[in-house]
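Data block below; observations after.
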Amino acid sequence: KHLDRTIEAIKEKGLLAGVALNPATPLSAIEWILSKVDMVLIMSVNPGFGGQKLIPYTVEKVRALKKMIDEKGLKIDIEVDGGVNLENVTEVMDAGANIIVAGSAVFKGDISENVERFLDVLKE
């Protein structure tokens, strides 16, 4: 009930509300409030430090969340954060994510070049 009241308070201020799930947190933890949020962040690494590799099962979690959202007829953004790079960004987006956080994949090396590479991959 506390989370429910918090989301309602956020919405009453005219703001968007989101929830974040760590890799091991099941989707069932948010199923009852899903219709009240605007965004769900799926952490695809365990939070704590940059440069980690994406945990593969989190892509299936994104896919399951997208299915749950579609079955309920909701419009909710799905954000993925952790280990997203040029090799897996297409898979993550194909699973249903529409907001991507890419830290190390962008900031290691030439930032402009890395951003251009991401844009090239996403145009395909």
If you link I, L, V, M, F, W and Y whenever their side-chain heavy atoms are under 4.5 Å apart, who else ends up in the same group as Tyr57?
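Its cluster partners, ordered by chain and number, are Ile55.
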Other cluster members, Val101 - Ile/Leu/Val/Met/Phe/Trp/Tyr, side-chain contacts below 4.5 Å
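For Val101, no cluster forms, as it stays isolated from other hydrophobic side chains.
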Just to verify, what does [X] make a side chain to side chain contact (heavy atoms under 4.5 Å, CB included) with, not counting sequence neighbours?
X: Ser35; result: Leu74
X: Met93; result: Val89, Ile100, Leu122
X: Val37; result: Ile7, Val19, Ile33, Leu34, Val40, Ile76

[X] to [Y] - nearest heavy-atom pair and separation:
X: Pro23; Y: Ser44; answer: CG-C, 4.3 Å
X: Gly51; Y: Ser104; answer: N-OG, 3.1 Å
X: Ile78; Y: Gly96; answer: CD1-O, 3.7 Å

With hydrophobic residues grouped by side-chain heavy-atom distances under 4.5 Å, do [X] and [Y] end up in a single group?
X: Ile42; Y: Met39; value: no
X: Leu54; Y: Ile99; value: no
X: Leu86; Y: Val80; value: yes

If a pair satisfies salt bridge (charged side-chain N to carboxylate O under 4.0 Å, His left out) and one of its residues is in residues 26-42, list it, with sequence neighbours excluded.
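Output for this query lists Asp4-Lys36, Glu8-Lys36, Lys11-Asp38.
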Pairs flagged by salt bridge (charged side-chain N to carboxylate O under 4.0 Å, His left out) wherever residues 84-105 is involved - sequence neighbours left out
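Passing the test, one end in residues 84-105: no pairs.
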State, with a plain yes or no, whether a side-chain heavy atom of Asn22 is found less than 4.5 Å away from one of Pro47.
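A side-chain contact exists here, since the closest heavy-atom pair is under 4.5 Å.
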Do Val92 and Thr58 come within less than 4.5 Å of each other through their side chains, counting heavy atoms only?
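They are not in contact (no side-chain heavy atoms under 4.5 Å apart), so the answer is no.
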Can you give each donor-acceptor pair under 3.5 Å made by side-chain atoms of residues 109-119, sequence neighbours left out, with the distance rounded to 0.1 Å?
from, atom 1, to, atom 2, distance (Å)
Asp110, OD1, Ser112, N, 3.0
Asp110, OD1, Glu113, N, 2.9
Glu113, OE2, Arg117, NH2, 2.4
Asn114, ND2, Val106, O, 2.9
Asn114, ND2, Lys108, O, 2.7
Asn114, ND2, Asp110, O, 3.3

Under the side-chain hydrogen bond (donor to acceptor under 3.5 Å, both in side chains) test, residues paired with Lys53 that sit two or more places apart
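In terms of side-chain hydrogen bond (donor to acceptor under 3.5 Å, both in side chains), with neighbours along the sequence ignored, Lys53 is linked to no residue.
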Which residues satisfy the side-chain hydrogen bond (donor to acceptor under 3.5 Å, both in side chains) test with Asn98, sequence neighbours excluded?
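Asn98 satisfies side-chain hydrogen bond (donor to acceptor under 3.5 Å, both in side chains) with Asp77 only.
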Can you check whether Gly82's main-chain N or O pairs, donor with acceptor, with Gln52's side chain at less than 3.5 Å?
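No, the answer is negative, given that no donor and acceptor are paired below the 3.5 Å cut-off.
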Could you give the side-chain donor-acceptor pairs of residues 62-69 under 3.5 Å, partners two or more places apart or in another chain?
from, atom 1, to, atom 2, distance (Å)
Arg63, NH1, Glu60, OE1, 3.3
Arg63, NH1, Glu60, OE2, 2.5
Lys66, NZ, Asp70, OD1, 3.3

To the nearest 0.5 Å, tell me how far Lys61 NZ sits from Leu27 CG.
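Answer rounded to 0.5 Å: 6.0 Å.
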